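All values below were derived from every heavy atom in this structure, side-chain atoms included, with hydrogens, water molecules and symmetry-related copies excluded. Predicted model, so just to flag it, every value in this text is computed and none were measured.
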Amino acid sequence: ETIKGCNKLNGIKIDSNNKHFIIRNKIVYDSQQKTILFYPRGINESYYSIEEGIENIGRYAFSGCGIETIVIPTSIKTIKESAFYLSNRLKSVTIPKTVTTIEQHAFAFCESLEEITILSENIKINEKAFYGCNKLNNVMIFSSKIEVENNIFEKCNELKQVYTLNELGSDIQFNNS
């Protein structure tokens, strides 16, 4: 959070003796390299694939970045609070089956986000996880167990329907009217 809003920042240097953080390819990870903590906003790439083995996407890790396409590997378990907050170029997201939690505001104000596919087998989606995603119009959830808090799609003005597959395999449709 300390350096969010530094839109031209394209890298960080950390002392090699630092026991808490590691930098690889300009990206900051925790010392165990299990959580991606910060993707610099000034990296001018439209595509990024998170490395297999990373288990968590940290708070504000991709906040405000210019990525259009993100590949989330099957090693990811948690997408932390505001992880993609204000990532205005992000167009679609596929959540792999291993993700168990999407925390509040994880994708809030991703104004170009149009499509979400959730493949998780057992997932909890926290309050306002997709708040203010104005162009969001297609949500597909293929989860056998899903726990949803209030207002996960609040202010998603283009969203008319959410399709999901329940435990018995029959389609359930939620309407946003």
Side-chain angles (χ1 to χ4, degrees), residues 1-4 21-22 24-25 27-41 43 45-136 138-156 159 162-165:
E1 283 182 78
T2 304
I3 50 180
K4 73 179 182 179
F21 306 107
I22 292 174
R24 282 196 333 266
N25 300 320
I27 299 163
V28 181
Y29 300 87
D30 70 331
S31 61
Q32 291 89 32
Q33 299 181 56
K34 296 293 182 190
T35 301
I36 187 166
L37 297 173
F38 182 70
Y39 181 94
R41 311 311 171 251
I43 295 177
E45 295 179 7
S46 62
Y47 172 90
Y48 182 70
S49 180
I50 298 172
E51 295 176 31
E52 189 67 43
I54 303 299
E55 295 179 1
N56 305 296
I57 301 172
R59 293 179 69 221
Y60 295 96
F62 289 91
S63 175
C65 73
I67 295 172
E68 293 177 19
T69 304
I70 185 90
V71 176
I72 300 173
T74 57
S75 58
I76 295 289
K77 297 175 183 172
T78 303
I79 300 174
K80 299 282 190 181
E81 177 185 345
S82 302
F84 292 91
Y85 182 84
L86 284 172
S87 292
N88 291 330
R89 292 185 182 171
L90 190 62
K91 293 184 179 183
S92 69
V93 167
T94 298
I95 308 295
K97 65 182 182 176
T98 53
V99 173
T100 58
T101 306
I102 300 174
E103 292 186 359
Q104 68 185 31
H105 299 114
F107 293 91
F109 297 107
C110 291
E111 294 178 354
S112 296
L113 187 61
E114 297 176 0
E115 181 175 284
I116 301 165
T117 303
I118 299 175
L119 303 173
S120 302
E121 295 171 355
N122 182 4
I123 191 165
K124 178 179 181 183
I125 304 175
N126 290 355
E127 184 175 17
K128 298 183 180 183
F130 301 98
Y131 183 90
C133 296
N134 294 329
K135 292 185 179 179
L136 183 61
N138 189 20
V139 177
M140 307 268 301
I141 302 173
F142 299 97
S143 179
S144 57
K145 288 187 178 182
I146 184 168
E147 181 182 340
V148 178
E149 290 188 357
N150 293 331
N151 305 318
I152 63 169
F153 297 114
E154 186 176 344
K155 303 288 184 186
C156 296
L159 185 61
V162 175
Y163 295 97
T164 187
L165 189 67

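Under the 3.5 Å distance criterion, the side-chain polar atoms of S46 are left unmatched by any main-chain donor or acceptor of E68. Without hydrogens or angle criteria, E52 side chain to S75 main chain gives a donor-acceptor distance under 3.5 Å. The main-chain N or O of K145 is found under 3.5 Å from a side-chain atom of S143 such that the two form a donor-acceptor pair. Looking only at distances, no side-chain donor or acceptor of T98 sits under 3.5 Å from a matching main-chain atom of K77. Between the side chain of R89 and the backbone N or O of C65 there is no donor-acceptor pair closer than 3.5 Å. Within the 3.5 Å criterion, the main-chain N or O of F107 finds no donor-acceptor partner in the side chain of S82.
A pairwise comparison of heavy atoms in S87 and G64 identifies OG-N, 3.6 Å as the closest pair. Of all heavy-atom pairs spanning K80 and G58, the tightest one is CB-C, 3.6 Å. Taking each heavy atom of C156 and G132 in turn, the nearest pair found is SG-N, 4.3 Å. Nearest approach of E127 to N151, heavy atoms of both residues: OE2-ND2, 4.3 Å.
From N56, atom CG reaches atom CD1 of I36 across 11.0 Å, with rounding to the nearest 0.5 Å. Between the NZ atom of K124 and the CD atom of E103 there is a distance of 9.0 Å, given to the nearest 0.5 Å. Taking CG of L136 as the reference point, atom CG of L159 lies at 5.0 Å (rounded to 0.5 Å). The distance from the CG atom of N88 to the NZ atom of K135 is 9.5 Å, given to the nearest 0.5 Å. Taken from CD1 in I146 to CD in E121, the straight-line distance is 13.5 Å, to the nearest 0.5 Å. To the nearest 0.5 Å, the span separating CZ on F109 from CG on N134 amounts to 8.5 Å.
Between F84 and I67 there is no side-chain heavy-atom pair separated by less than 4.5 Å. In this structure, F38 and F21 have side chains that are not in contact, with every pair of non-hydrogen atoms separated by 4.5 Å or more. Residues Y39 and I70 are not in side-chain contact: their nearest non-hydrogen atoms beyond the backbone lie 4.5 Å or more apart. Contact annotation: the side chain of F142 approaches that of T117 to within less than 4.5 Å [non-hydrogen atoms, C-beta and beyond]. In this structure the side chain of T94 never reaches within 4.5 angstrom of the side chain of I72, judged on heavy atoms. In this structure, the side chains of I125 and I118 come closer than 4.5 Å at one or more pairs of heavy atoms. A 4.5 Å side-chain heavy-atom check between M140 and E115 finds every atom pair outside the cut-off.
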Please assess F130 against V93 for the test side-chain contact (heavy atoms from CB on, under 4.5 Å), listing each intermediate value before the final yes or no.
-> CA-CA 11 Å; F130 301 98; V93 167; over 6 Å; no

Walk me through it: do N126 and Q104 pass the test side chain to side chain donor-acceptor pair (under 3.5 Å)?
-> CA-CA 5 Å; N126 290 355; Q104 68 185 31; 5.9 Å; no

Evaluate the side-chain contact (heavy atoms from CB on, under 4.5 Å) criterion for residues I76 and I54: first the C-alpha distance (whole Å), next the side-chain angles of each, then the deciding distance (0.1 Å), finally the verdict.
-> CA-CA 6 Å; I76 295 289; I54 303 299; 3.9 Å; yes

List the steps and the verdict of salt bridge (charged side-chain N to carboxylate O under 4.0 Å, His left out) for E81 and R59.
-> CA-CA 5 Å; E81 177 185 345; R59 293 179 69 221; 3.7 Å; yes

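The residue from T101, T35, I57 that alone fulfils the side-chain contact (heavy atoms from CB on, under 4.5 Å) condition with T78 is T101.
More than 12 heavy atoms of other residues, nucleotides or ligands shown are found within 6.0 angstrom of CD on E51.
The aromatic rings of H105 and Y85 lie perpendicular to each other, with more than 60° between the two planes, well past the 30° mark.
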